[in-house]
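For reference, positions follow the sequence shown, starting with 1. Read the numbers this way: they start at 1 and go in the same order the structure lists the ligands and their atoms.
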Amino acid sequence: MKKIVTIQDISCYGKCSLTVALPIISAMGVEAAIIPTAVLSTHTMFSRFTFKDLSDQIEPISEHWQEEGLKFDALYTGYLGSFEQIDLMKQFFADFGEGALKFVDPAMGDNGKLYPAFDEAFAKHMATLCAKADIIDPNLTEACFMLGTEYKEDGSYDEAYIKDILVKLTDLGAKTAILTGVSLAPDKLGAMGYDSQSGEFFSYFNEKIPAKYHGTGDVFSSALLAALVLGKKREKAIEIAADFTRESIVLTEADAEKPWYGVNFEQAIPYLLEKLK
Ligand code: PXL
């Protein structure tokens with residue numbers, strides 16, 4: 001069985017990071033190992049949350065795994081809580097990176113703003129981890145903060161702006177950059193990528209749903225990486241992840257409660273598995 005290790009926080013309530021990555025990766029038939037970087041009562045978009053840092057566990061876990069000779073098909077980092085954790089991930093990539101796909105989702109913000117815990121210096125430091133990745137998948141907000149580029153709202157940018165950002169992201173050092181939440185037409189939303197080794201751009205767009213929910217980036221990244229590890233071609237993997245994310249939003253919108261804090265990815269899993277066939 002293919003194996004992914006994902007390293008991010010566990011927000012006990014709120015459907016993001018590990019509570020999203022674990023079920024999605026497992027449902028897709030890929031073994032998921034985890035290293036929780038912190039335990040929070042909820043994710044940080046709630047007005048209050050507890051936070052217990054687990055940075056001091058990362059090295060001992062990594063050392064034990066090296067003694068056991070563990071190997072992974074992919075290393076997947078998500079939300080990280082400190083400069084130190086970013087540096088620990090660089091070491092983890094050095095220790096476990098051989099033969100593994102190194103995937104960084106620099107989860108730091110959305111809609112033109114960084115999450116409460118972060119500032120511009122943090123985004124610049126995250127860029128130094130992105131430099132060591134095979135694939136990164138920031139949204140436009142995260143990309144702009146890492147590059148120090150002006151963030152533009154949907155409808156006020158064109159393809160040239162996105163392509164320029166993609167090339168600059170790979171100039172940081174990442175081999176492939178996939179920008180999520182790209183909208184080049186009012187009714188379309190999707191992802192656009194750039195492979196710096198072949199010089200190819202690629203994209204996938206589906207119908208835009210005029211709603212924003214938390215945790216969609218984690219849903220997309222988890223499905224994308226598991227599909228890639230299963231051997232799906234890049235374009236197909238993006239399509240699977242984007243359509244699954246969209247279906248999760250559709251189901252959330254259909255829910256009378258429309259919980260703002262996370263999407264209904266659970267009931268979209270049968271759809272995901274159908275798409276994977
Ligand atoms: O989905 C990204 C994410 C992950 N983990 C924590 C978060 C967020 C977004 O706010 O707060 C703790």
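A cation-pi arrangement is absent between K71 and F96, since the terminal nitrogen or guanidinium carbon is not both under 6.0 Å from the aromatic centre and inside a 45° cone about the axis. Geometrically, K163 does not engage Y194 in a cation-pi contact, judged by NZ or CZ lying under 6.0 Å from the ring centre and within 45° of the ring axis.
Taking the six-membered ring for Trp and the full ring otherwise, F118 and Y79 have centroids separated by under 6.0 Å.
Among residues two or more places apart in sequence or in another chain, the side chain to side chain contact (heavy atoms under 4.5 Å, CB included) test is passed with K2 by V30, D73, V229. For S11, the side-chain hydrogen bond (donor to acceptor under 3.5 Å, both in side chains) partners at least two apart in sequence or on another chain are D9. Shown here are the side-chain hydrogen bond (donor to acceptor under 3.5 Å, both in side chains) partners of T128, two or more places apart in sequence or in another chain: K90.
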Under 3.5 Å: N or O atoms of ligand 1 paired with protein N or O:
from: ligand 1; atom 1: 1 (O); to: D218; atom 2: OD2; distance (Å): 2.6
from: ligand 1; atom 1: 5 (N); to: D9; atom 2: OD1; distance (Å): 2.7
from: ligand 1; atom 1: 5 (N); to: D9; atom 2: OD2; distance (Å): 3.4
from: ligand 1; atom 1: 10 (O); to: T44; atom 2: OG1; distance (Å): 3.4
from: ligand 1; atom 1: 10 (O); to: H214; atom 2: NE2; distance (Å): 2.9
from: ligand 1; atom 1: 11 (O); to: T44; atom 2: N; distance (Å): 2.8
from: ligand 1; atom 1: 11 (O); to: T44; atom 2: OG1; distance (Å): 2.7

